[in-house]
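Here's the structure we're looking at; comments come further down.
Order of appearance sets the numbers: ligands from 1, and atoms from 1 within every ligand.
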Amino acid sequence: MSQHAVEANFDGLVGPTHNYAGLSWGNVASKSNVNAVSNPREAALQGLAKMKRLADRGYVQGVLPPHERPHVPTLRRLGFTGSDAEVLASAARKAPELLAAVSSASAMWTANAATVSPSADTADHRVHFTPANLGAKFHRSIEHVVTGRALKAIFSDEGYFAHHPALPPVAQFGDEGAANHTRLCAGYGDPGVELFVYGRCAFNDAAPAPTRYPARQTLEASRAIARMHGLRDRNRVFAQQNPAAIDAGVFHNDVIAVGNGNTLFYHELAFLDEAAVLADLRARLTGTDLHAVRVSSEDVPLEDAVASYLFNSQLLNAPDGMVLAVPGECREIASVSRYLDALVGDGGPITSVEVFDVKQSMRNGGGPACLRLRVVLTDDERAALNSGVILTDSLYERLTAWVEAHYRDELTQDDLADPMLLDEVHKALDELTGILGLGSIYDFQL
Ligand code: SUG
């Protein structure tokens, strides 16, 4: 039976150590901005402004907290000893690449936080969450512990919410969460089809795979999550990403496709077998017909799609159709800007475009869609969650003041070893868990 449900978007609040360390081979923006000076304050305020604009438009908007960085416990696990200040100084001297990795604010990209299956799709009719192991990159592989704690603190009612541990931390189960997962449905409360997109098959060496850049998500990981979440065959489709797209810098599927409701907006080079993906979706989607909005290479060459992050947009229901919330870079690239102008007038499902400035995040390869985790919730589930994380006018004001009080406006790689930075972060995050009503979720608090 279908219930009224909404899509809530939980954005990652950018952490105080946001920096450009060039940590993500395969992510063109991350590599090309290595060692640039970041502005954590501006980054966090850009993120909050995006959340506020969407909340003002009536969308349910939540906030997920940043993580404790630099993560000193990880440096200790890697053999650094002494006081916290000594650990930081010694890591900076002997292994600056490790200090950079444990200092990344990458938890801001909450599309990678977890895979979420709405209760309308799952066997036990609960919302299921699996934090992503993010095993492809060391700096991201340390996120799932605190992500899991935060999700449990927010969605704590076991009558409505089920939490699974991250998959085994090996490359064969590489899992990147919702960045490789999108859901198509008639209404949000109706059973839907969850599309899991993987980059390679881990247990089949003969299967096609990219040759230049890594494929982060495996078929085996996607299948395991679908099993854990209790999805039936009619509720899920597995599709392989086009290896050539990964080799062109499409490190997650959400850099080349996005779905909402009955609409899949994608580039013609997104999937290895486009026709099969569409046929599989059509065969399973009930109560509506699939709208495939296909962008050709002729209209938008793959490299323009990667540079503009056209597909890393949020596709949201609007009163008169759907709105595409795009990053500002889409208006700076001629082919993409032209395409968007034509798209809104073509009589299709996407009826408007809104531009968001998330430049600080974009320089690390994170657009509007990377910054949010979608959680479809029925009215009862929404009433059951910890509402301290839902953005209201007053929470927005408190968070803005909190950022202004605690964040620096400039951060370089050298600053990461500054013991004062660690103190600032602990103080800020301790205050934040109070503001959001999360209890203790950080190692330094436990
Ligand atoms: O995992 N960048 C992130 C960007 C994640 C984007 N998310 C989605 N597409 N959903 C990544 O590659 C770069 C950090 C640095 O280089 O400092 C980074 O981790």
Can you list the ligand 1 atoms lying under 4.0 Å from a non-hydrogen atom of [X]?
{"X": "Ala179", "result": "10 (N)"}
{"X": "Gly22", "result": "15 (C), 16 (O), 17 (O)"}
{"X": "His252", "result": "7 (N), 8 (C), 9 (N), 10 (N)"}
{"X": "Asn19", "result": "17 (O)"}
{"X": "Ser30", "result": "13 (C), 15 (C), 16 (O)"}
{"X": "Cys370", "result": "6 (C), 7 (N), 8 (C), 9 (N), 10 (N)"}
{"X": "Gly365", "result": "4 (C), 6 (C)"}
{"X": "Arg216", "result": "1 (O), 11 (C), 12 (O)"}

Check: His18 ring centroid to Tyr20 ring centroid under 6.0 Å: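 Yes, the ring of His18 comes within the 6.0 Å limit of the ring of Tyr20, centre to centre.
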Would you please indicate if the ring centroids of Phe265 and Phe311 are separated by under 6.0 Å?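 Yes, they do, as the ring centres are separated by less than 6.0 Å.
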Is there a polar contact between ligand 1 and [X], counting only N or O atoms under 3.5 Å apart?
{"X": "Trp109", "value": "no"}
{"X": "Asn112", "value": "yes"}
{"X": "Asn27", "value": "yes"}
{"X": "Asp254", "value": "yes"}
{"X": "Tyr309", "value": "no"}

Best match, Met362, Arg372, Gln413, His139: closest heavy atom to atom 19 (O) of ligand 1: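 Heavy atom nearest to atom 19 (O) of ligand 1 belongs to His139.
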Any idea how His163 and Phe155 line up, ring-wise: parallel (<30°), tilted (30 to 60°), or perpendicular (>60°)? tilted
Should the pair Trp25 and Tyr213 be assigned to parallel (<30°), tilted (30 to 60°) or perpendicular (>60°) ring geometry? perpendicular
Identify the protein heavy atom lying closest to [atom], giving its residue, its atom name and the separation to 0.1 Å.
{"atom": "atom 5 (C) of ligand 1", "answer": "Arg140 NH1, 3.4 Å"}
{"atom": "atom 2 (N) of ligand 1", "answer": "Asn364 O, 3.0 Å"}
{"atom": "atom 18 (C) of ligand 1", "answer": "Ser24 OG, 3.4 Å"}
{"atom": "atom 17 (O) of ligand 1", "answer": "Ala21 N, 3.0 Å"}

Would the distance check show the side chain of [X] and the main-chain N or O of [Y] forming a donor-acceptor pair, the cut-off being under 3.5 Å?
{"X": "Ser313", "Y": "Leu310", "answer": "yes"}
{"X": "Tyr309", "Y": "Gly365", "answer": "yes"}
{"X": "Asp190", "Y": "Gly192", "answer": "no"}
{"X": "Asn133", "Y": "Pro168", "answer": "yes"}
{"X": "Asp247", "Y": "Arg212", "answer": "yes"}

What's the shortest heavy-atom distance between Gln46 and Val358, and which atoms?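 Looking at all heavy atoms of both residues, the shortest contact is OE1-C, 3.6 Å.
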Could a heavy atom of [X] be found less than 4.0 Å from some atom of ligand 1?
{"X": "Glu176", "answer": "no"}
{"X": "Lys137", "answer": "no"}
{"X": "Leu134", "answer": "no"}

Heavy-atom count check: over 12 atoms from other residues, nucleotides or ligands less than 6.0 Å from Arg77 CZ? no
Rounded to the nearest 0.5 Å, what's the gap from SG on Cys185 to CG on Leu285? Could you check?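 Atom-to-atom, Cys185:SG and Leu285:CG are 8.0 Å apart.
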side-chain hydrogen bond (donor to acceptor under 3.5 Å, both in side chains) partner of His229, chosen from Thr130, Thr115, Asn235: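 In the set Thr130, Thr115, Asn235, the residue that makes a side-chain hydrogen bond (donor to acceptor under 3.5 Å, both in side chains) with His229 is Thr130.
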